[in-house]
Amino acid sequence: MKYYSTNKQVPEVSFEKAIFQGLPDDNGLYMPKTITQLPRAFFENIHDMELHDIAYEVAKCYIEDEIPEEELRKIVAGTLSFDLPLVEVEDNVYALELYHGPTCAFKDVGARFLARCLSYFSRQSDKKATILVATSGDTGSAVASGFLGMKNINVVILYPKGKISKIQEQQLTTLGENITACEVEGTFDDCQKMVKDAFLNLELKEKYNLTSANSINMARLVPQSFYYFWTYAMLGGDKDLYISVPSGNYGNLTAGLLAKKMGLPIKQYIASANANDIVPAYLRSGNFEPRRSVETISNAMDVGNPSNFYRMNDLFGAEVDNFRNELKGYTYSDEQTADTIKQVYGDTGYLLDPHGAVGYLGLKEYMKDHDGIGVFLETAHPAKFLDVVEPIIDEKVEIPQRLQDYIEREKVAIEINADLGQLESILEKL
Ligand SMILES: *Cc1c(COP(=O)(O)O)cnc(C)c1O
């Protein structure tokens with residue numbers, strides 16, 4: 001499969017090249033040149049297939065013969081080494097719980113797949129690669145956990161000081177080994193910009209063999225489409241299926257839209273946002289207007305300039321009307337989010353995390369006048385946001401052991417300003 005850049009100023013590349021480069025040199029984003037249609041028989045049989053077999057068939061459409069079947073099956077199985085339960089919260093309303101991986105957020109799926117693909121491709125290389133990643137909370141920990149102890153790979157994580165939860169911070173600052181955490185004086189957007197600037201500095205990129213693990217990397221998008229197929233396998237059939245995606249950088253939603261283009265019969269996608277409602281605002285006004293992000297209690301979605309917009313834009317032929325046909329967008333305040341966590345917990349006993357709560361709200365809004373089956377993505381375990389969730393429900397939240405382990409370890413982070421020079425001096429010392 002060839003990948004092109006959305007800015008179309010650089011040549012097409014292989015999957016391998018696309019995932020090592022992360023970001024093309026023209027500052028666009030890689031997209032598959034053709035979107036493979038899965039045959040009708042696949043969708044007829046999907047309800048009887050195992051998760052790993054579904055995922056393999058999907059992955060093969062993006063990777064073709066660049067990774068042999070046996071290896072790709074191993075990569076898929078290693079990535080999805082945990083369950084993806086669909087939990088019925090109310091009649092016809094399901095939570096797709098994507099947080100049963102090692103760091104308790106859906107980003108484990110993308111990070112684990114990327115780590116395994118990079119490791120496969122660098123199996124015979126002696127050149128050390130550096131994964132540079134900006135995080136609004138969950139990416140950093142998933143990447144750190146996914147790459148921990150991998151030979152030939154250093155990981156450098158940039159996170160905005162004071163703007164991620166305590167547990168999230170522990171998850172990315174306590175691992176040591178090949179993982180370096182940098183606490184940046186600034187916002188997530190500043191961190192993301194530093195990563196972009198580092199990649200656009202070709203000398204720097206070459207010298208440190210920089211690779212990105214942000215959701216701009218195709219190897220994170222590909223596995224994120226697996227669970228849309230899985231949802232259809234479990235729930236799809238006679239009734240219309242709606243999926244609400246709590247969104248920040250729009251990687252998760254883009255993966256869903258790609259799945260639909262491959263033939264997956266999802267009736268409607270819903271983009272659910274917090275106060276950083278750049279995409280819902282675009283659907284209303286037709287103008288894409290990035291702005292500085294504001295802080296919310298669903299902090300992993302505090303993104304003011306969602307990178308994956310340009311991928312969606314390509315999927316929709318740069319036509320706002322196509323966007324509007326394929327996507328509904330809603331936005332919710334912190335107050336609405338908190339009220340929803342409290343109300344759903346009281347009514348059903350189901351504990352939403354703040355991101356899932358935004359997804360739930362969008363789904364319910366759409367389903368007010370649409371019958372069918374609705375699914376919202378539960379993107380993180382509520383225990384990752386104790387400071388937010390406990391006061392809302394006025395109860396202690398049980399912390400899974402794998403999170404508890406992080407809490408007890410010592411934090412090590414390097415404080416820097418949002419400055420490329422300071423970042424470079426860290427890279428030099430690795
Ligand atoms: C990253 C993240 C999101 C947003 O996902 P995008 O793919 O960036 O839109 C939502 N919820 C949680 C918990 C996250 O970590």
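Here, residue 1 is the first one in the sequence, and each next residue gets the next number. Heavy atoms only: backbone and side chains are in, while hydrogens, waters and symmetry mates are out. Model, not experiment: these values are computed from the prediction. Just follow the structure's listing: the first ligand is 1, and inside any ligand the first atom is 1.
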Student: Output side-chain donor-acceptor pairs under 3.5 Å for residues 278-285, partner residues at least two apart or in another chain, one line each.
Tutor:
{"unit_1": "Arg284", "atom_1": "NH2", "unit_2": "Asp277", "atom_2": "OD2", "d": "2.9"}
{"unit_1": "Ser285", "atom_1": "OG", "unit_2": "Ala281", "atom_2": "O", "d": "3.1"}
{"unit_1": "Ser285", "atom_1": "OG", "unit_2": "Asn287", "atom_2": "N", "d": "3.0"}
{"unit_1": "Ser285", "atom_1": "OG", "unit_2": "Asn287", "atom_2": "O", "d": "3.4"}

Student: Run the numbers for me: atoms of ligand 1, each under 4.0 Å from some heavy atom of Ala380, listed by number.
Tutor: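 So the answer, numbered in order with elements, is 13 (C).
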Student: Let me see the working for Tyr269 and Ile266 under side-chain contact (heavy atoms from CB on, under 4.5 Å), right down to the final yes or no.
Tutor: CA-CA 7 Å; Tyr269 282 108; Ile266 302 298; 3.5 Å; yes
Student: Report the relative orientation of the aromatic rings in Tyr3 and Phe15; use parallel for angles under 30°, tilted for 30 to 60°, perpendicular for over 60°.
Tutor: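 Tyr3 vs Phe15 ring planes: tilted.
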Student: Test of understanding: given a 4.0 Å heavy-atom threshold, classify the contact between Ala105 and ligand 1 as side chain, backbone, both, or neither.
Tutor: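 It is neither; nothing of Ala105 touches ligand 1.
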Student: Can you figure out which of Arg220, Lys107, His355, Gln224 has its heavy atom closest to atom 1 (C) of ligand 1?
Tutor: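 It is Lys107 that holds the nearest heavy atom.
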Student: Heavy-atom pairs closer than 4.0 Å: do any link ligand 1 to the side chain of Lys384, the backbone, both, or neither?
Tutor: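 Within the 4.0 Å criterion, Lys384 makes no contact with ligand 1.
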Student: Taking both backbone and side-chain atoms of Ser247, is any N or O found less than 3.5 Å from an N or O belonging to ligand 1?
Tutor: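 No, Ser247 has no N/O under 3.5 Å of an N/O on ligand 1.
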Student: Which pairs pass ring pair (Phe, Tyr, Trp, His ring centres under 6.0 Å) with one or both residues in residues 100-120, sequence neighbours excluded?
Tutor: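 Of all non-adjacent pairs touching residues 100-120, those that pass ring pair (Phe, Tyr, Trp, His ring centres under 6.0 Å) are Phe113-Phe226.
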Student: Check ligand 1 against Met301 and write out every atom of the ligand that is under 4.0 Å from a heavy-atom position of the residue.
Tutor: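 The list of qualifying atoms is 10 (C).
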Student: Which pair of non-hydrogen atoms, one from Thr173 and one from Ala413, has the smallest distance, and what is that distance?
Tutor: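 The answer is CG2-CB, 4.0 Å.
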Student: Output the list of atoms in ligand 1 that are nearer than 4.0 Å to some heavy atom of Pro246, sorted by atom number.
Tutor: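 Answer for ligand 1: 4 (C), 10 (C).
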Student: Indicate, with yes or no, if the rings of Phe288 and Tyr310 have centres closer together than 6.0 Å.
Tutor: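 Between Phe288 and Tyr310, the centre distance is under 6.0 Å.
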Student: Would the Tyr360 and Tyr332 ring centres measure less than 6.0 Å apart?
Tutor: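 No, they do not, as the ring centres are separated by 6.0 Å or more.
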Student: Going by the atom numbers of ligand 1, which of them fall below 4.0 Å from some non-hydrogen atom of Gly251?
Tutor: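 Atoms satisfying the 4.0 Å criterion: 6 (P), 7 (O), 9 (O).
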Student: Tell me which one of Asn308, Val358, Asn252 gets a heavy atom nearest to atom 7 (O) of ligand 1.
Tutor: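 Closest candidate by heavy-atom distance is Asn252.
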Student: Relative to the heavy atoms of Ala300, which atoms of ligand 1 are at a distance of less than 4.0 Å?
Tutor: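 Those qualifying, in numeric order: 1 (C), 2 (C), 12 (C), 14 (C), 15 (O).
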Student: Evaluating non-hydrogen atoms only, which member of Gly256, Gly248, Gly359, Ala142 is closest to atom 4 (C) of ligand 1?
Tutor: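 Looking at heavy atoms only, Gly248 sits closest to atom 4 (C) of ligand 1.
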Student: Going by an N to O cut-off under 4.0 Å, is there a salt bridge joining Asp394 and Lys342?
Tutor: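 A salt bridge is absent here (no side-chain N lies under 4.0 Å from a carboxylate O).
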Student: Does an N or O anywhere in Phe106 fall below 3.5 Å from an N or O of ligand 1?
Tutor: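 No; every N/O pair is 3.5 Å or more apart.
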